[in-house]
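These notes are about the structure you will find just below.
Below, all heavy atoms of this structure are taken into account, side chains as well, without hydrogens, waters or symmetry copies.
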Amino acid sequence: MVGGRAHAWDDDGFDDRVPFLARLERGDRVALIASGRPLHYPARSVLMHQDEPSSHVLLLLHGWIKVTAIAANGYEALLALRGPGDIIGEGAALSGRHRSATVTTLEPVEAVVIEQGRFTTFLAGSPRVALQLLGLATDRQRSTDRRRLEWAALSVRERLAVLLLELVRTHGSRTDEGIELTIGLSQQEFAGSVGSSREAVARLLKELRTRQVVATRRRRIVVLRPDVLRRIIGEGSA
């Protein structure tokens with residue numbers, strides 16, 4: 001919170017919400033999982049490709065994935081991080097349209113795959129589960145709308161600081177050096193996520209390295225001074 005006012009990043013980060021499976025009653029959860037078949041994926045596997053016509057649904061049981069999309073101008077944006085209990089691909093299953101994003105594993109993942117027909121039949125016979133899915137979609141849209149509103153008022157430097165702090169909170173592991181982000185993101189993914197160019201993000205990360213706020217390696221970032229990142233946001237919101 002800055003200046004006494006709540007912001008989207010204070011309570012609605014990439015994955016600060018109740019996962020889909022956790023919203024269901026135990027009997028519904030067990031039945032839904034039983035309607036699919038278990039699969040295992042290694043790290044860095046692409047589970048779904050943007051614009052492909054597949055329509056199955058994935059329930060994540062263990063491990064984390066990233067959801068990215070490429071815009072017409074070539075930006076690859078990080079849209080979301082999903083983990084245990086989350087549902088992936090339900091939009092295409094319900095609409096019949098092509099995939100809107102690419103889904104890639106960040107680590108070994110255990111999941112259950114449910115074919116479109118089985119999934120829609122299950123929802124038709126279980127209004128409680130269908131309502132929980134609708135509630136999840138509403139929560140995700142509200143979070144996206146809030147972020148879009150707040151994002152418009154921030155500079156690229158402030159957006160990058162917000163993104164780094166969100167990742168520290170949701171995917172940070174404390175080490176002797178600092179707080180290491182446990183997911184590997186490219187500079188292009190950071191750039192697309194903050195609505196800027198790869199070159200601009202590279203310059204900002206270099207500036208943060210020079211100030212000893214972060215340390216960077218290949219697809220690895222350690223946040224040394226989260227207090228400075230919070231100060232960057234505070235200065236922009238003053």
Report task. Please indicate whether R118 has more than 12 foreign heavy atoms, meaning atoms of other residues, nucleotides or ligands, lying under 6.0 Å from its CZ. Result -> no

Query raised in the report: Are any non-hydrogen side-chain atoms of I221 and E180 less than 4.5 angstrom apart?
Result: no

Query raised in the report: Passes side chain to side chain contact (heavy atoms under 4.5 Å, CB included), T104 versus I65? Steps please.
Result: CA-CA 5 Å; T104 308; I65 59 92; over 6 Å; no

Query raised in the report: Has the side chain of E158 got a donor or acceptor atom that lies under 3.5 Å from a matching backbone atom of S155?
Result: yes

Requested in this report: Return yes if some donor-acceptor pair links the side-chain N/O of S143 with the main-chain N/O of D139 below 3.5 Å, else return no.
Outcome: no

Query raised in the report: Hey, does I88 have a side-chain heavy atom less than 4.5 Å from the side chain of L47?
Result: no

**Report entry** Test item: R23 and L133 side chains (from C-beta on) under 4.5 Å apart, heavy atoms
**Finding:** no

Query raised in the report: Of all heavy-atom pairs between Q132 and L24, which one has the smallest distance, and what is that distance?
Result: CB-CD2, 3.8 Å

Requested in this report: Examine distances only and state if a side-chain atom of R198 and a backbone atom of Q188 form a donor-acceptor pair shorter than 3.5 Å.
Outcome: no

**Report entry** Separation of L131 CG from L136 CG (nearest 0.5 Å)
**Finding:** 12.5 Å

Query - 4.5 Å side-chain heavy-atom contact, L165 and I233 - result: yes

Query raised in the report: Who passes side-chain contact (heavy atoms from CB on, under 4.5 Å) against R203, sequence neighbours left out?
Result: E199, A200

Query raised in the report: Between atom OG of S55 and atom CZ of R99, what is the distance when rounded to the nearest 0.5 Å?
Result: 6.5 Å

Query raised in the report: Taking the side chain as C-beta and beyond, is there a heavy-atom pair between L204 and F190 under 4.5 Å?
Result: no

Requested in this report: For residues V113 and V57, determine if any side-chain heavy atom of one lies less than 4.5 Å from a side-chain heavy atom of the other.
Outcome: no

Requested in this report: I would like to know whether L205 and L160 meet side chain to side chain contact (heavy atoms under 4.5 Å, CB included); could you show each step before the answer?
Outcome: CA-CA 9 Å; L205 287 174; L160 182 60; 4.2 Å; yes

Query - Side chain T102, main chain Q50, donor-acceptor under 3.5 Å - result: yes

Query - Chi angles and distances behind the side chain to side chain contact (heavy atoms under 4.5 Å, CB included) call for L39, V112 - result: CA-CA 6 Å; L39 288 176; V112 169; over 6 Å; no

Requested in this report: Count the heavy atoms of every other residue, nucleotide or ligand shown that sit under 6.0 Å from CD of Q212, and state whether that count exceeds 12.
Outcome: no

Query - Residue R220 excluded, over 12 heavy atoms near CZ under 6.0 Å - result: yes

Query - Side chain to side chain, H171 and L81, heavy atoms closer than 4.5 Å - result: yes

**Report entry** Backbone of W64 reached by a side-chain donor or acceptor of E107 within 3.5 Å
**Finding:** yes

Requested in this report: Would you mind listing every salt bridge (Lys or Arg N to Asp or Glu O under 4.0 Å) that reaches into residues 26-52, with sequence neighbours excluded?
Outcome: D28-R128

Report task. Looking only at non-hydrogen atoms, find the nearest pair between T182 and S173 and report the distance. Result -> CG2-CB, 3.6 Å

Report summary line: Correct closest heavy-atom pair for A93 and F119 would be CB-CD2, 4.1 Å

Query raised in the report: Should D145 and R142 count as an ion pair when the cut-off is N to O under 4.0 Å?
Result: no

Report task. Give, for atom NE2 of H40 and atom CD of E110, the distance between the pair rounded to the nearest 0.5 Å. Result -> 5.0 Å

Requested in this report: Report yes or no: do V228 and V162 belong to one cluster of Ile/Leu/Val/Met/Phe/Trp/Tyr joined by side chain heavy-atom distances under 4.5 Å?
Outcome: yes

Query - Counterpart residues, side-chain contact (heavy atoms from CB on, under 4.5 Å), relative to A101 (two or more places apart) - result: V67, A69, L79

Requested in this report: Would you confirm whether Q187, through its side chain, and V201, through its main-chain N or O, come within 3.5 Å as a donor-acceptor pair?
Outcome: no

**Report entry** Trace of the side chain to side chain contact (heavy atoms under 4.5 Å, CB included) decision for L32 with F20
**Finding:** CA-CA 11 Å; L32 180 60; F20 177 60; 3.7 Å; yes

Query raised in the report: Can L224 be reached from L163 by stepping across I, L, V, M, F, W or Y side chains whose heavy atoms are under 4.5 Å apart?
Result: no

Query raised in the report: Charged N to carboxylate O under 4.0 angstrom, E90 versus R140?
Result: yes

**Report entry** Side-chain heavy-atom pair L164, V213 within 4.5 angstrom cut-off
**Finding:** no

Requested in this report: Only counting residues at least two apart or in another chain, list the ones meeting side-chain hydrogen bond (donor to acceptor under 3.5 Å, both in side chains) with R225.
Outcome: D227

Query raised in the report: For T216, does its backbone N or O pair with a side-chain atom of R209 as donor and acceptor, under 3.5 Å?
Result: no

Query - Backbone N/O of G178 and side chain of T175: donor-acceptor pair under 3.5 Å - result: yes

Query - Counterpart residues, side-chain contact (heavy atoms from CB on, under 4.5 Å), relative to E189 (two or more places apart) - result: K66, T68, E76, L185, S186, R219

Report task. Measure the NE2-OG distance between H49 and S54 for me, rounded to the nearest 0.5 Å. Result -> 9.0 Å

Report task. Just jot down the side-chain contact (heavy atoms from CB on, under 4.5 Å) partners of V168, sequence neighbours excluded, or say none. Result -> I179, L181, V223

Requested in this report: Look at the side chain of S126 and the backbone N and O of L123, then say whether any donor-acceptor pair between them is shorter than 3.5 Å.
Outcome: no

Query raised in the report: So, R82 side chain and I87 main chain: donor-acceptor pair closer than 3.5 Å or not?
Result: no

Query raised in the report: Cation-pi between R147 and W151: NZ/CZ under 6.0 Å from ring centre and within 45° of the ring axis?
Result: yes

Report task. Find the distance between CD1 (I114) and NE2 (H56) and round it off to the nearest 0.5 Å. Result -> 10.5 Å

